[in-house]
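Inspection log for the structure reproduced underneath, given as structure tokens.
Being a predicted model, the structure only gives us computed values, none of them experimental. Both counts, for ligands and for their atoms, begin at 1 and track the order of listing.
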Amino acid sequence: MKVMKFGGTSVGSIESLRNLKDIVNAEDKPVIVVVSAMGGFTNQLLAMCEQAQQRDISCLDGLEQARQRHHDAIDGVVVESMRAEVHATIDRFIDESLKPYYLALATNPHMPVDEIERVCDAIVAHGEILSSAIVTGMFEDGVPHLSLNFMRTQRDGAGRVLDWEETGRLVKEDFADLTEGVHVAQGFISRDKLSGDVTNLGRGGSDYTAAILATLLDAEALEIWTDVDGFMTADPRTHPDATVIPQMTYAQAQEMCDAGAKVIYPPTIAPVAMKNIPVWVKNTFNPSAPGTVIVN
Ligand code: ADP
Ligand code: ASP
Ligand code: MG
């Protein structure tokens, strides 16, 4: 079984979602697909949190644009028999969850700081919740999973870390029946082990979710599907002469990620390296390119 993670640009347009579908359909099943929010939507959700805190109710306009973007994607890629249900899911999360959260932020000037943080964490989780509903609906044999049910974090000083023990137990339960189908889970999102509050693994954290699942479920490979041909000698946005590195060791990849190579979120490497699971970096927009493999 493979874990295939698709980043924001890979789920960000009808064209890229169609590529995703072809890439996943070419695999032996079962397969686990981990998705990010549609490209740019996480930033947008957070910018709207800022707006709402300034009592700027026009943040709700942004929500309507996002609604339209998700509905357009559904019409472009979701199997016909599932479309009505997925449209309704998107509307329900926007109307019954996101809107009330934004209104609470915008209308409560005395909200304590930790409550603001709690509400914004709950809001930002919707990026992956909405994109995963669409991706699940693209496959006749799509099986939805909710990462909030099995990813557990705990407080660690000012930040949060994964609780491996509790997450391991819950992941094995949630994926107990992994015999066929396309299993779709949200990257990035989690819950606090003690409070049950919605939390996340940090910006870019969907890679880490995929690595955690691959490690706990002994996947044969972890594939990071993104918008470049592989792990490159430098960021091609700033270094147009950068070239793809066909093969790297975990240590080399870790070093480059720690130095800021955004293509993989740094905590992703260690767990898969411990289990010797190969990591592939591949381009959703150019799937025939060989990509990069990261091994021992
Ligand atoms: P995704 O949304 O798929 O997770 P990211 O934007 O997080 O994608 O990561 C992919 C981006 O990482 C590329 O578009 C590229 O600009 C940037 N990047 C930075 N350093 C590197 C590198 N060494 N090799 C490849 N891409 C890199
Ligand atoms: N959607 C989250 C972010 O933009 C997580 C991810 O894409 O990996 O940071
Ligand atoms: Mg990323």
Glu117 with Arg160: basic N within carboxylate O range, under 4.0 Å: yes

Please state which protein non-hydrogen atom is closest to atom 2 (C) of ligand 2 and give its distance, to 0.1 Å? Glu128 OE2, 3.4 Å

Which residue and atom name correspond to the protein heavy atom nearest atom 26 (N) of ligand 1, and how close is it? Val263 CB, 3.5 Å

For atom 2 (O) of ligand 1, the protein heavy atom that lies nearest, with its residue and separation: Gly8 N, 3.0 Å

So, are Asp192 and Arg152 salt-bridged, with charged N and O less than 4.0 Å apart? no

Hey, which atoms in ligand 1 end up nearer than 4.0 Å to a heavy atom of Asp227? 10 (C), 11 (C), 13 (C), 14 (O)

Quick one: nearest non-hydrogen protein atom to atom 4 (O) of ligand 2, plus distance? Arg203 NH2, 3.0 Å

Under the side chain to side chain contact (heavy atoms under 4.5 Å, CB included) test against Ile224, which residue among Asp207, Val3, Ile294 passes? Asp207

Can you name the residues that form a ring-ring contact (aromatic ring centres under 6.0 Å, His included) with Tyr208, not counting sequence neighbours? none

Nearest non-hydrogen protein atom to atom 6 (O) of ligand 1, with distance, is Lys262 NZ, 2.8 Å

For ligand 2, which atoms have a heavy atom of Gly204 less than 4.0 angstrom away? 3 (C), 5 (C), 6 (C), 8 (O), 9 (O)

Are His126 and Phe41 close enough that their ring centres sit under 6.0 Å apart? no

What's the shortest distance from atom 3 (O) of ligand 1 to any protein heavy atom, and which residue and atom give it? Thr226 OG1, 2.7 Å

Any sub-3.5 Å donor-acceptor pair from Thr233's side-chain atoms to Thr243's backbone N or O? yes

Drop me the distance from Gln53's CD to Leu105's CG, to the nearest 0.5 angstrom. 5.5 Å

Which residue and heavy atom of the protein sit nearest atom 24 (N) of ligand 1, plus the separation: Met232 N, 2.9 Å

Considering only protein heavy atoms, which is closest to atom 6 (C) of ligand 2, and at what distance to one decimal place? Ser206 OG, 3.3 Å

Going by the atom numbers of ligand 2, which of them fall below 4.0 Å from some non-hydrogen atom of Gly205? 5 (C), 8 (O)

Is Ala234 close enough to touch ligand 1? Criterion: a residue heavy atom under 4.0 Å from a ligand atom. yes

Using a strict threshold of under 4.0 Å (side-chain N to carboxylate O), is an ion pair present between Arg169 and Glu165? no

Atom 17 (C) of ligand 1: the protein heavy-atom neighbour that sits closest, reported with distance to 0.1 Å: Asp235 OD1, 3.7 Å

If you measure every N or O of Phe188 against every N or O of ligand 2, does any of those distances drop under 3.5 Å? no

Just verifying a value: how many Å separate Lys29 NZ and His183 NE2, rounded to the nearest 0.5 Å? 10.5 Å

Taking only Lys NZ, Arg NE, NH1 and NH2, and the carboxylate oxygens of Asp or Glu, determine whether Arg18 and Glu15 approach each other closer than 4.0 Å. no

State the atoms of ligand 1, each with its element, that fall below the 4.0 Å cut-off from a heavy-atom position in Gly230. 24 (N), 25 (C)

Within the 4.0 Å heavy-atom shell around Val228, which atoms of ligand 1 are there? 13 (C), 14 (O), 25 (C), 26 (N)

Find the distance between OG1 (Thr153) and CD1 (Ile189) and round it off to the nearest 0.5 Å. 11.5 Å

closest protein heavy atom to atom 7 (O) of ligand 2 is Ser36 OG, 3.1 Å

Closest to atom 4 (O) of ligand 1 among protein heavy atoms sits Lys5 NZ, 3.0 Å

